[in-house]
Amino acid sequence: MQLRYEIALAAMMKSMTDVVIPAVDGKNDLAVQQANLVVGLLNLLAQQLPQQFRFDRDELQRLLACAKGLSALRSEDPAIRAATAALDEARLAAESVYQRCATDPAELTAAVRTLREATGALVTASNDGRDAAALALVETAVMALSREQLLRDRALMLPQGWEPDPSAIPPIGKLLDADPDGVPGAAGALV
């Protein structure tokens, strides 16, 4: 149910180029121009999004280096001293953030996909019926994971308006915050 950005962007560009733009009145230069602009911006997003995290992390790294150099500033001016102290405090907090964001999102996505595939292989292997206890354990764990993931998928897509009763789905932020250790089933009480 998750709609990754690369799939969504490709679908939007295809819709615009195959359906919307051909339907626009060719005599309406502004409408044609704007429709092509939308396709161009979607294409640009498709190219930039995979690099955005690394871009932001690179900027943070350079800002940290600059702030570290500025922290050596010594002045008798109280306003400059106060601003330097505030910069040092912000730098220390930013250094902590920088250290925590060491993993590239592409690695995270790859790890998710690898675990999905490995879990699927275990389901397939245990489904042959030779070890009923293993099958029961695998089934219980995978069904619990599926319930939790489906709830998060639905919450993430809530703004699209597909849910018949949106109030029955907790906000995605609440679900993500409720399960900090990644323990399946920990957030089930929210439903």
Side-chain angles (χ1 to χ4, degrees), residues 1-67 69-70 87 90-91 93-120 145-180 182 187 190-191:
M1 184 170 185
Q2 289 183 19
L3 192 56
R4 296 274 179 192
Y5 76 85
E6 57 271 7
I7 296 169
L9 287 171
M12 287 186 282
M13 287 187 285
K14 183 154 182 57
S15 175
M16 287 296 295
T17 56
D18 292 358
V19 179
V20 176
I21 292 175
V24 172
D25 181 2
K27 296 175 189 165
N28 188 338
D29 291 337
L30 184 58
V32 171
Q33 176 192 29
Q34 292 300 303
N36 283 311
L37 179 64
V38 168
V39 172
L41 287 173
L42 289 171
N43 188 35
L44 181 64
L45 279 173
Q47 292 173 33
Q48 288 180 336
L49 276 174
Q51 302 298 321
Q52 188 66 53
F53 175 82
R54 291 176 61 208
F55 181 89
D56 292 341
R57 191 168 189 273
D58 176 75
E59 180 182 10
L60 180 57
Q61 182 181 25
R62 289 179 291 102
L63 282 166
L64 282 168
C66 178
L70 291 172
L87 178 63
R91 178 181 53 82
E95 284 174 348
S96 174
V97 170
Y98 182 77
Q99 294 304 319
R100 290 191 319 264
C101 67
T103 300
D104 190 299
E107 291 179 70
L108 177 63
T109 302
V112 166
R113 287 184 177 141
T114 300
L115 270 175
R116 284 180 184 167
E117 291 170 8
T119 302
L145 172 66
S146 295
R147 274 190 299 279
E148 293 293 327
Q149 190 60 46
L150 179 59
L151 181 61
R152 282 156 178 75
D153 290 346
R154 291 171 66 192
L156 186 65
M157 297 297 154
L158 198 59
Q160 290 187 351
W162 298 107
E163 290 294 331
D165 182 8
S167 66
I169 307 295
I172 188 63
K174 185 174 182 181
L175 289 171
L176 297 176
D177 290 343
D179 192 12
L190 294 173
V191 182

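Owing to the predicted nature of the structure, the values given are computational and were not obtained by experimental measurement. Reckoned from all heavy atoms, side chains included, excluding hydrogens, waters and symmetry mates. All residue numbers in this chain count up from 1 along the given sequence.
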Quick one: does Ser15's side chain have a donor or acceptor within less than 3.5 Å of a partner on Ala11's backbone?
no
I need the Asp104 CG to Gln51 CD distance, nearest 0.5 Å.
8.0 Å
Any donor-acceptor N or O pair under 3.5 Å, side chains Arg100, Ser96:
yes
Backbone N or O of Val32 within a donor-acceptor pair of the Asn36 side chain at under 3.5 Å?
yes
Minimal non-hydrogen separation, Val39 against Met16, with atom names
CG2-CB, 3.4 Å
Under the criterion side-chain contact (heavy atoms from CB on, under 4.5 Å), I'd like the reasoning laid out for Leu37 against Gln33: C-alpha separation, chi angles, the key distance, then a yes or no.
CA-CA 6 Å; Leu37 179 64; Gln33 176 192 29; 5.5 Å; no
Classify the side-chain pair Gln149/Arg152 by whether it contains a donor and acceptor separated by less than 3.5 Å.
no
Any chance you could measure Arg116, atom CZ, to Leu145, atom CG, to the nearest 0.5 Å?
9.5 Å
Where do Ile21 and Ala35 come nearest, in terms of heavy atoms and distance?
CG1-CB, 3.6 Å
Out of curiosity, Arg154 CZ to Ile169 CD1, how far, rounded to the nearest 0.5 Å?
3.5 Å
Do Asp58 and Arg54 meet the salt-bridge criterion of a basic N to acidic O distance under 4.0 Å?
no
Is the closest basic N to carboxylate O distance between Glu95 and Arg91 below 4.0 Å?
yes
Are Leu49 and Leu9 close enough that some pair of their side-chain heavy atoms sits under 4.5 Å apart?
yes
Shortest non-hydrogen pair, Tyr98 vs Leu64, comes out as CB-CD1, 3.7 Å
Rounded distance [0.5 Å steps], CD in Gln48 versus CG in Asn43
10.0 Å
Just by distance, do the side chain of Arg57 and the backbone of Cys101 share a donor-acceptor pair under 3.5 Å?
yes
Can you list everything that forms a side chain to side chain contact (heavy atoms under 4.5 Å, CB included) with Asp165? Sequence neighbours excluded, please.
Ser167, Ala168
Note: Leu175 and Ala155 closest approach over all heavy atoms is CD1-CB, 3.6 Å
Reported CG-to-CG distance for the pair Leu156 and Leu151, which is rounded to 0.5 angstrom
11.5 Å
